[in-house]
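Below you'll find the structure, written out as structure tokens, and then a few comments.
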Amino acid sequence: FLRELVSNASDALDKRRFEQVARPELADGAELEITLEVDAAARTLTISDNGIGMTRDEVVRNIGTIARSGTKEFLAQLKAAQTTDAPGLIGQFGVGFYSAFMVADDIALVTRKAGTDGATRWRSTGDGSYTLEDAERASAGTTITLTLKAADPEHGLHDYATESMLSTIVKRYSDFVAYPIRVVKDGVAGEPLNSRKAIWDRPKAEVTDDEYKEFYRHVARDWTDPLRSIPVRIEGTIEAYALLFVPSKASFDLYSPEMRRGLQLYVKRVFVMDECKELLPGHLRFVRGVVDAHDLSLNVSREILQKDRQIQVIRKQLVKKVLASLDEMKREHADEYRTFWTAFGPVLKEGLAGWDTQDKDKLLDLVVTASTKEADGLVSLADYVARMPESQKDIYYLTGPSKDAVARSPLLERFARAGTEVLLFSDPIDELWLESAPAFGERKLVSVARGDIALGTDDERKQEAAKLDERKAELGELLLALKAAVHDDVKDVRLSTRLTSSASCLVADAADMTARMQRMMAQMGHELPTVKPVLEVNGDHPLLGKLRVLHLERADDPRIGWCARVLLGQAYLADAEKFSFMGTPK
Ligand code: ADP
């Protein structure tokens, strides 16, 4: 909780320092700082900053909202969890300020916005409600007074009303905060507790892993360790330092348009802006950290940033470093990479679907997925190519709505029989980037759900073609009869070369969009003519043999039409996604 409050104070000081560049009248000569004061008798801990402060409206919006919106429950959980589980709980919801209710029964906040006169007092006991009133504060800034619960060390609730405790916590968690953090005793402020060294411009060798981790928690407002810390130094015509982190877990808002994303931008250690989206592309939005660009103007605005050439150069370097770090992780640390991929793989793949992404080849190198040979595996395209037989030219894949659904698809039967590995993709984004028919070096990525696929050696293919011709001659009439029965729902009924045990399956024609893609386009609001699938039937299946006999005996036997519908229904059932898009066959 103390780190959260200190981080908030530090942000408020950053904002004030930045505002003062454009509005020098906001500066009052006082040193920007954070103070901590304990009143042991009253059991209060007061955290004060002379930062930007908040208006009454801002207090309601920033501090009040969470108290209103269904947080009663959350706070109850928080209280029950005490200190052991609470960090995870808070990290998950990102309710920094409210973490103080872990240690306090009552919190009062008095704040005055820089450049205004009045102050506002907010108070709550953490029961889901709060009070607001006008107040006074000698100068701009925010003071938060916690009335501490009785210490209960047995349950992890320490006595925070001692200076030594505060000093230990500040040194450990907030050492790099750029403003002095002092303990005030008997009205006198002591020496700063923190060293205030900007961690990103210290040489890598001098910074410990723990220091990186603490800094990550500070910038990312996360309670967990980062998966990776990536210090970056850009030298030459443009000078910049950056310290980037790959988190170990996806934030709950990763797919929300309101996601708090982007890096913090500093100019020569002066904070300029938060959530600077221009520094990394959207598919790397999970990366957290800071960038300190030495040659940028302090007056830089978001509009300027978008066009700034320096920012473009820095961005390029950052992307390069992040991708290189991920590539190293993939090669050297498989377990870490699995964690990374599970959390952020779908986001990274957005880059492959984007029309303006650079580095698509590098992104493709980072893609890993399950395959028919490794159901839970993380097979890369390079792994796949390395073990495919010489006769195989393309990379085969199948997409579907879930891991299970793809793995069970009848479309894989023939590949299984031939021993040919198929990559299995089940993230919604996969359909999008694979639709653009990417190539991995010389190798095309080919969907097994579409068109005809020639498998095996030349000889095997010839044999197969001959067998198919034979079957066609035998079953041609029957196929026409089947088609007549289901022609409203399908484009064609054909003999399949894909199936071994199932009787039927649905595929898209070589040039058609797959059913899933159509559904996604429809969800995005595109009006599309419905493209009917092709029903493929297995000529070797006993049902087809029986039907052929029925058909020979009596071409208009109604059972042929019924069976055609059964074959179609079975094919839909084997493919839940298509079923929901195409509607139920009659
Ligand atoms: P977070 O810091 O993760 O956004 P918090 O609940 O800790 O969430 O704080 C909510 C918001 O309240 C902050 O984003 C900030 O706008 C405002 N705030 C909190 N503490 C201060 C402070 N000391 N000075 C000014 N604004 C603050």
Side-chain angles (χ1 to χ4, degrees), residues 1-37 46-66 94-100 107-123 130 132-146 174 176-182 184 189 192 194 196 198 218-219 221 260 262-276 290 292 297-302 305:
F1 79 93
L2 191 57
R3 175 179 58 203
E4 293 301 315
L5 297 182
V6 166
S7 287
N8 282 348
S10 160
D11 288 353
L13 290 162
D14 278 343
K15 284 177 196 155
R16 178 154 189 194
R17 184 160 67 164
F18 179 64
E19 280 283 304
Q20 285 175 5
V21 175
R23 299 168 61 198
E25 71 276 13
L26 292 186
D28 58 10
E31 185 188 22
L32 297 179
E33 63 174 6
I34 300 167
T35 58
L36 308 174
E37 195 167 0
T46 302
I47 296 126
S48 243
D49 66 70
N50 50 354
I52 194 77
M54 285 177 274
T55 62
R56 192 183 176 109
D57 282 353
E58 284 169 338
V59 172
V60 172
R61 210 167 44 238
N62 297 334
I63 306 288
T65 345
I66 181 135
V95 284
F97 176 79
Y98 271 73
S99 62
I107 301 179
L109 172 147
V110 176
T111 185
R112 174 171 161 193
K113 177 93 172 185
T116 68
D117 287 334
T120 305
R121 185 183 160 85
W122 175 98
R123 204 174 149 196
Y130 62 88
L132 268 190
E133 60 196 23
D134 289 340
E136 300 213 353
R137 200 178 186 284
S139 55
T142 302
T143 301
I144 296 168
T145 304
L146 312 179
S174 310
F176 41 75
V177 167
Y179 307 92
I181 306 172
R182 308 172 196 271
V184 174
N194 53 331
R196 284 166 289 153
H218 170 77
V219 281
R221 297 295 163 81
R260 191 151 130 173
L263 305 172
Q264 287 187 349
L265 180 64
Y266 286 73
V267 172
K268 289 212 197 70
R269 299 179 52 174
V270 176
F271 171 85
V272 172
M273 69 177 74
D274 215 349
E275 301 187 49
C276 183
V290 299
D292 191 340
S297 153
L298 267 179
N299 287 316
V300 70
S301 68
R302 293 206 186 255
L305 274 188

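Both backbone and side-chain heavy atoms feed into the values below; hydrogens, waters and symmetry mates do not. Computed from a predicted structure; not experimentally measured.
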Report yes or no: does [X] contribute a side-chain atom to a donor-acceptor pair with the main-chain N or O of [Y] at less than 3.5 Å?
{"X": "R56", "Y": "V60", "value": "no"}
{"X": "N50", "Y": "G141", "value": "no"}
{"X": "R112", "Y": "M54", "value": "no"}
{"X": "S7", "Y": "R3", "value": "yes"}
{"X": "T142", "Y": "T111", "value": "no"}
{"X": "S174", "Y": "V177", "value": "no"}
{"X": "R16", "Y": "A114", "value": "no"}

So which atom in [X] and which in [Y] form the shortest heavy-atom distance, rounded to 0.1 Å?
{"X": "L5", "Y": "A100", "value": "CD1-CB, 4.3 Å"}
{"X": "V59", "Y": "W122", "value": "CG1-CD1, 3.7 Å"}
{"X": "E31", "Y": "P180", "value": "OE2-CG, 3.4 Å"}
{"X": "D274", "Y": "Q264", "value": "OD1-CG, 3.2 Å"}

Do [X] and [Y] have side chains that approach each other closer than 4.5 Å (heavy atoms only, starting at C-beta)?
{"X": "L265", "Y": "L305", "answer": "yes"}
{"X": "I181", "Y": "L36", "answer": "yes"}
{"X": "D28", "Y": "S139", "answer": "yes"}
{"X": "Y266", "Y": "V272", "answer": "no"}
{"X": "L2", "Y": "I47", "answer": "yes"}
{"X": "F97", "Y": "I144", "answer": "yes"}
{"X": "L109", "Y": "R121", "answer": "no"}

Starting at [atom1] of [X], measure out to [atom2] of [Y] and round the result to the nearest 0.5 Å.
{"X": "S10", "Y": "D49", "atom1": "OG", "atom2": "CG", "result": "9.5 Å"}
{"X": "R182", "Y": "N194", "atom1": "CZ", "atom2": "CG", "result": "9.0 Å"}
{"X": "R17", "Y": "L13", "atom1": "CZ", "atom2": "CG", "result": "9.0 Å"}

Count the heavy atoms of every other residue, nucleotide or ligand shown that sit under 6.0 Å from CD of E136, and state whether that count exceeds 12.
->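 Open.
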Over 12 non-hydrogen atoms of neighbours within 6.0 angstrom of CZ in R123 |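 Check fails, neighbour count at 12 or below.
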Apply side-chain hydrogen bond (donor to acceptor under 3.5 Å, both in side chains) to the pair D14 and Y179, showing each step before the final yes or no.
-> CA-CA 9 Å; D14 278 343; Y179 307 92; 2.7 Å; yes
Check against side-chain contact (heavy atoms from CB on, under 4.5 Å), E33 and S48 = CA-CA 8 Å; E33 63 174 6; S48 243; over 6 Å; no
Test item: side-chain donor near acceptor, T143 and R137, under 3.5 Å |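 Note: T143 and R137 side chains meet the donor-acceptor criterion.
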Do we see a donor-acceptor contact under 3.5 Å between the side chains of R221 and N8?
->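 Note: R221 and N8 side chains meet the donor-acceptor criterion.
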